[in-house]
Amino acid sequence: MMKRLTILILFVFGSIFSYSQKKVVFVIADGIPADVIEKLNTPALKAIAKEGGYSRAYVGGEKGTYSETPTISAVGYNSVLTGTWVNKHNVWGNDIAAPNYSYWNVFRLLKAADPSKKIAIFSSWLDNRTKLVGESLPAAGNIKFDFHFDGLELDTVNYRHDKNDEFMHRIDEAVVDKAASYIRSDAPDLSWVYLEYTDDMGHKYGDSKEFYSAVEKMDNQMQRLWEAIQYRKKEFGEDWLILITTDHGRGAASGKNHGGQSDRERSGWIVTNAGNLNEHFKKGPISIVDIMPTIARFLNITIPRNQLMEVDGIPLTGKISVLNPEIEVEEKKIEIEWDALQKNGEAKIWLATTNNFKLGSSDNYTLVTSVPLQKEKAEIDISKVPSGFYKIVIETPENFLNRWVILDKSLMPRR
Ligand SMILES: [Zn+2]
């Protein structure tokens, strides 16, 4: 009797505390400005946003500052992957000439935290796996995808390159169908689905019915992914997070081009089913670098402290202590201000004058001061640490913020 009771108790506790496995899929649909996604008929995106939310999310870094980032495809993808802007990840163009793997991408963070986790990629473009994530490269952490379906752009037999670029739509269809079926059968812990056709139509036709039709086709593809997720939730009780975003907007004149810093080129967006969206998401402005820390938080990935001190994004869900850091440099001091979202806790202010991190080693941070969050400002006396370059990190109970101060303009990041 006693034994049966014990089993019963264990069973009851097991049911109450059984946690659902958490899984993430993120999608980059290439080159769709926010005004376009907002005006078209996108029932799947709307259904997903109804569970979580939709927000504009800027791309292109912080305009006019050291983190300003070209509104170019691979540059944007890598900001999504690493949660950093180009001054750190160093992918300045689609040639992906010299990515800086010191700033770990979300796949590497997951594998480092738990090598048993399964990762997958579905993409027309091979470089996403081999160069951006850097599969099998020692510098990029030697990680291996457990499943990949990509490089279809190179298959000119099955996807003959036609004049109207319709082959790219067929590739995206294959990519999405494979992603949906693989999610149903294998449910990888973290998947990246990359879709290219929208950008091709944008380049070819600009703001046009062809481009709009491509966006609506993408929405239909999201419906298939969403159904695969519903299937897993229902049949396996898993907890799924989906995030859909874009890598850049398009120029206002014709809609054909991108790369610059106009409002429309910078106008990205995020659709997600995430519950628990926080004040950062609700009040904004949010950006595409917020996706990586949001995924990390959902999957309970512990980001190593040295990485965390470099991440530019802020989680879109859960608790946040501080937002909106502002820096003012005077002759002998740096003033830092922020918005506190919590009543209690301290803000620790860290200062370094080196950037060894980008070379793969570490910086010697000094704890300059620690003040109550609610004070919403701190001051650093730099008269005794003269330098042309400072890295400042604000450490708080729920999140980190960081800023660079570049006094020596020759140190401004550039390609
Ligand atoms: Zn693009």
Side-chain angles (χ1 to χ4, degrees), residues 26-37 40 45 56-61 68-82 84-86 89-97 99 105 121-133 150-154 161 165 167-169 171-172 175-176 192-208 210-219 221-222 243-271 287-289 291-292 415:
F26 67 97
V27 180
I28 299 178
D30 206 309
I32 307 171
D35 64 283
V36 170
I37 210 78
L40 296 181
L45 294 183
R56 289 193 172 206
Y58 68 87
V59 306
E68 184 173 295
T69 296
T71 57
I72 293 173
S73 301
V75 184
Y77 315 161
N78 216 33
S79 286
V80 173
L81 293 173
T82 62
T84 70
W85 298 114
V86 73
H89 70 57
N90 206 44
V91 170
W92 291 87
N94 290 335
D95 56 349
I96 316 177
N105 64 65
I121 185 168
F122 308 87
S123 162
S124 56
W125 211 28
L126 182 65
D127 288 356
N128 286 344
R129 170 166 57 93
T130 55
K131 292 189 180 173
L132 290 182
V133 178
D150 60 7
L152 282 75
E153 49 165 0
L154 306 172
H161 291 204
D165 283 353
F167 76 96
M168 193 49 79
H169 173 56
I171 288 178
D172 280 359
V175 163
V176 162
W192 176 13
V193 178
Y194 165 69
L195 301 170
E196 180 173 339
Y197 180 64
T198 43
D199 190 53
D200 288 6
M201 293 298 99
H203 280 294
K204 209 173 186 77
Y205 301 104
D207 293 298
S208 61
E210 287 86 355
F211 179 49
Y212 297 159
S213 157
V215 174
E216 291 178 355
K217 283 175 175 152
M218 180 277 291
D219 183 76
Q221 290 163 344
M222 290 308 96
L243 294 142
I244 305 157
T245 191
T246 196
D247 53 337
H248 53 77
R250 318 199 72 80
S254 65
K256 288 190 175 170
N257 306 310
H258 59 86
Q261 290 290 323
S262 69
D263 288 351
R264 196 175 187 226
E265 286 165 295
R266 292 174 53 82
S267 72
W269 46 271
I270 296 173
V271 167
S287 76
I288 58 168
V289 296
I291 290 173
M292 187 283 274
R415 186 178 184 127

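Order of listing sets the numbers, starting from 1, for every ligand and every atom in it. All values below were derived from every heavy atom in this structure, side-chain atoms included, with hydrogens, water molecules and symmetry-related copies excluded.
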Margin query: Are more than 12 heavy atoms, taken from residues, nucleotides or ligands other than N94, located less than 6.0 Å from that residue's CG atom?
Written below: yes

Next item on the list: Quick one: list whatever passes side-chain contact (heavy atoms from CB on, under 4.5 Å) with L126, sequence neighbours left out.
Entry: R129, T130, D150, E153, L154

Margin query: With a cut-off of 2.8 Å, does D199 put an N/O/S atom close enough to the Zn ion (ligand 1)?
Written below: no

Notebook entry, point to check: the Zn ion (ligand 1) to E196: any N/O/S contact under 2.8 Å?
Noted result: no

Notebook entry, point to check: What pairs with D200 under salt bridge (charged side-chain N to carboxylate O under 4.0 Å, His left out), at least two apart in sequence or on another chain?
Noted result: none

Note to self: Report the atom name of the nearest N/O/S atom of D247 relative to the Zn ion (ligand 1).
What the structure shows: OD2

Margin query: Taking S73's backbone N and O only, do any of them form a donor-acceptor pair with H258's side chain (distance below 3.5 Å, no angle check)?
Written below: no

Next item on the list: Indicate if the distance from the Zn ion (ligand 1) to the nearest N, O or S atom of S73 falls below 2.8 Å.
Entry: yes

Next item on the list: Looking only at non-hydrogen atoms, find the nearest pair between M168 and S124 and report the distance.
Entry: SD-CB, 4.0 Å

Check: Which is the closest N/O/S atom of D30 when seen from the Zn ion (ligand 1)?
Finding: OD1

Margin query: Regarding H248, does it place an N, O or S atom less than 2.8 Å from the Zn ion (ligand 1)?
Written below: yes

